[in-house]
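What follows is a short report on a single structure.
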Amino acid sequence: MHLNMTHKKALKIYFVIATIFILLQLTIFFNIFQLTDDFTYFYIGKAITEGSYPYKEIMAVHPPLHYYMMAMIYAIFGANFFILKFFVMINILIISYFLFKIVSLKYNYGISLVSVVLFLFSGTILESAYGSAGAFETLTFIIIAYYLFLKNKLFFSGIFFALGGLTRLYFFPIFLIVLFFSLIKIENSKIVMKYKNTLKIIFGFLVLFVPVNLFFILKYGSGYYLGVFTQQILSEIYGGYLRRVDYPLTWKLNAIWQMAKMNIVIFFVPFLLLLSKRIKSLAMPFLIIISYIIFILNLNEIFPHYFYLIFPFLAMISAPLLFEKQYFFALINNHLSKILVVSILVFFSISIATIVQNYNLIKESTDNEKSFLAIVDEISANSGPNDKIFGSDAGTHFIALKSDRRIIMDFVDQRVPDNAFRQFLELIKNRNDLKFIIFELRGTQDAYYGFRGINNLPEYRKFIGSICGEGKGYSENNLTYALYPCNQ
């Protein structure tokens with residue numbers, strides 16, 4: 001199928017596609033309230049702008065760039081959640097533009113536009129206004145680095161890979177595959193080693209990544225390197241250090257299936273490449289996808305936003321396979337591929353049904369915002385600007401931002417060993433500035449994330465009873481919160 005057009009016309013169509021995406025976000029998805037980790041990172045940004053130090057006074061376990069992005073947004077716009085969502089959307093649009101440019105390096109502009117549509121209108125990306133936990137910010141740097149690599153601007157490619165690494169560490173599998181393809185070239189059916197190309201990328205990476213990390217290590221010491229490199233890596237790879245649950249392989253595969261159901265076309269189509277004789281031309285994005293999935297399966301715990309990094313690579317394979325003549329007819333001439341192409345249509349129906357179901361479930365949770373806003377009103381009316389709050393749920397960060405109150409000791413991440421939390425309770429038990437505790441009342445196990453942890457500690461409930469008065473309940477849908485006034 002030929003989709004030839006001029007660059008000027010293709011850009012016009014791209015902007016139409018981007019505009020439709022923006023309108024969908026603004027009119028539908030921006031109006032849905034959903035608790036995400038973005039509120040946690042936004043709170044850390046707020047604390048930074050107010051003089052607190054990450055890794056020293058604030059528990060932080062990721063590289064610094066995302067935290068300081070959040071701090072910049074808060075410094076300019078305050079606790080503006082529309083801008084927070086808008087920032088995520090801008091990153092997605094930047095990713096889509098560079099996806100357009102990457103695909104157009106090898107295929108016509110029509111195929112490039114198809115890849116953009118497959119990316120922007122996949123179920124997960126459409127719902128991305130809920131938050132990305134730093135994943136799209138990381139992917140923005142990674143996709144620019146990938147484009148620069150393809151344009152042979154290797155030093156600058158390394159620079160942008162470093163920016164990705166300074167945002168989130170799970171960029172690493174993609175970086176390794178790019179290094180592999182920079183090193184090995186096939187010329188006249190012979191493998192040729194291109195050491196200089198690889199060294200240029202590595203030098204560009206190290207010239208930024210090392211000095212920035214050295215600066216933070218010198219500034220914050222063990223709080224930085226233990227939080228970012230030791231605790232986070234050990235937790236994700238080996239489990240049990242910060243987490244309470246070691247997830248089995250079946251659970252991880254089910255997590256991948258849940259993500260694939262919402263995006264079945266771009267998750268399924270790339271594997272048709274294995275049936276094509278032209279697999280070499282798309283080998284690099286395909287190996288990025290495979291290596292990244294293997295990487296995810298070897299982590300102790302899988303979060304949905306981990307998958308975001310492979311979406312543009314899925315789209316840049318799916319578009320030519322579905323719409324480029326040399327691939328499409330090579331596939332449909334294969335008997336097995338005919339069955340698989342029909343399967344795509346069946347799975348596409350499953351995907352649409354899953355998206356609708358998921359949207360309705362999340363839309364129902366918008367009612368939970370009423371409970372949080374009622375808690376915000378209660379805290380604002382019965383505490384001063386210097387008083388502190390605490391809670392064991394992501395809703396606490398939203399409440400802290402809306403009420404302009406700080407969480408005591410900026411204890412923003414409760415995924416710590418039980419003994420560490422007991423020590424924290426000892427530290428705050430005589431703090432008279434702790435005025436409210438938000439306690440989430442739900443079962444001991446979550447269907448997706450497993451055991452929740454500190455809410456179930458007897459010491460925590462005893463602590464609340466010792467310094468707080470009678471709690472007031474707030475209930476919406478399946479969530480129930482109790483707000484306890486303390487030290488009143």
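- Between I174 atom CD1 and L309 atom CG the span is 4.5 Å, to the nearest 0.5 Å.
- A distance of 9.0 Å separates CD1 in I94 from CZ in F141, rounded to the nearest 0.5 Å.
- Ionic pairing of D404 and K46 is present here: one or more N-O contacts between side-chain nitrogen and carboxylate oxygen are shorter than 4.0 angstrom.
- A distance of 8.5 Å separates OG1 of T140 from CD1 of I92, quoted to the nearest 0.5 Å.
- Between the side chains of T40 and H397, at least one donor N or O sits under 3.5 Å from an acceptor N or O.
- For the 3.5 Å distance criterion, the side chains of S112 and Y14 fail to qualify, holding no donor opposite an acceptor.
- A distance of 3.5 Å separates CD1 of I95 from CG of L139, quoted to the nearest 0.5 Å.
- The cationic atom of R168 (NZ for Lys, CZ for Arg) lies less than 6.0 Å from the six-membered ring centre of Y41 and within 45° of the ring axis.
- If you take OG on S115 and CD1 on I317, they are separated by 11.5 Å, rounding to the nearest 0.5 Å.
- Within the 4.5 Å cutoff, the side chain of V116 has no heavy atoms near those of the Y97 side chain.
- Of the possible donor and acceptor atoms, one in the side chain of Y43 sits under 3.5 Å from a partner among the backbone N and O of I407.
- Here N91 contributes atom CG and I143 contributes atom CD1; the two are 12.5 Å apart, rounded to the nearest 0.5 Å.
- S291 and I177 make their closest contact through OG-CG1, 3.4 Å (heavy atoms, listed as atom of the first residue, atom of the second, distance).
- L120 and F21 make their closest contact through O-CE1, 3.4 Å (heavy atoms, listed as atom of the first residue, atom of the second, distance).
- Using a 4.5 Å cut-off on side-chain heavy atoms (C-beta onward), F87 and M70 make contact.
- The aromatic ring centres of Y306 and F295 sit 6.0 Å or more apart.
- Checked against the 6.0 Å centroid threshold, Y146 and F161 do not count as a close aromatic pair.
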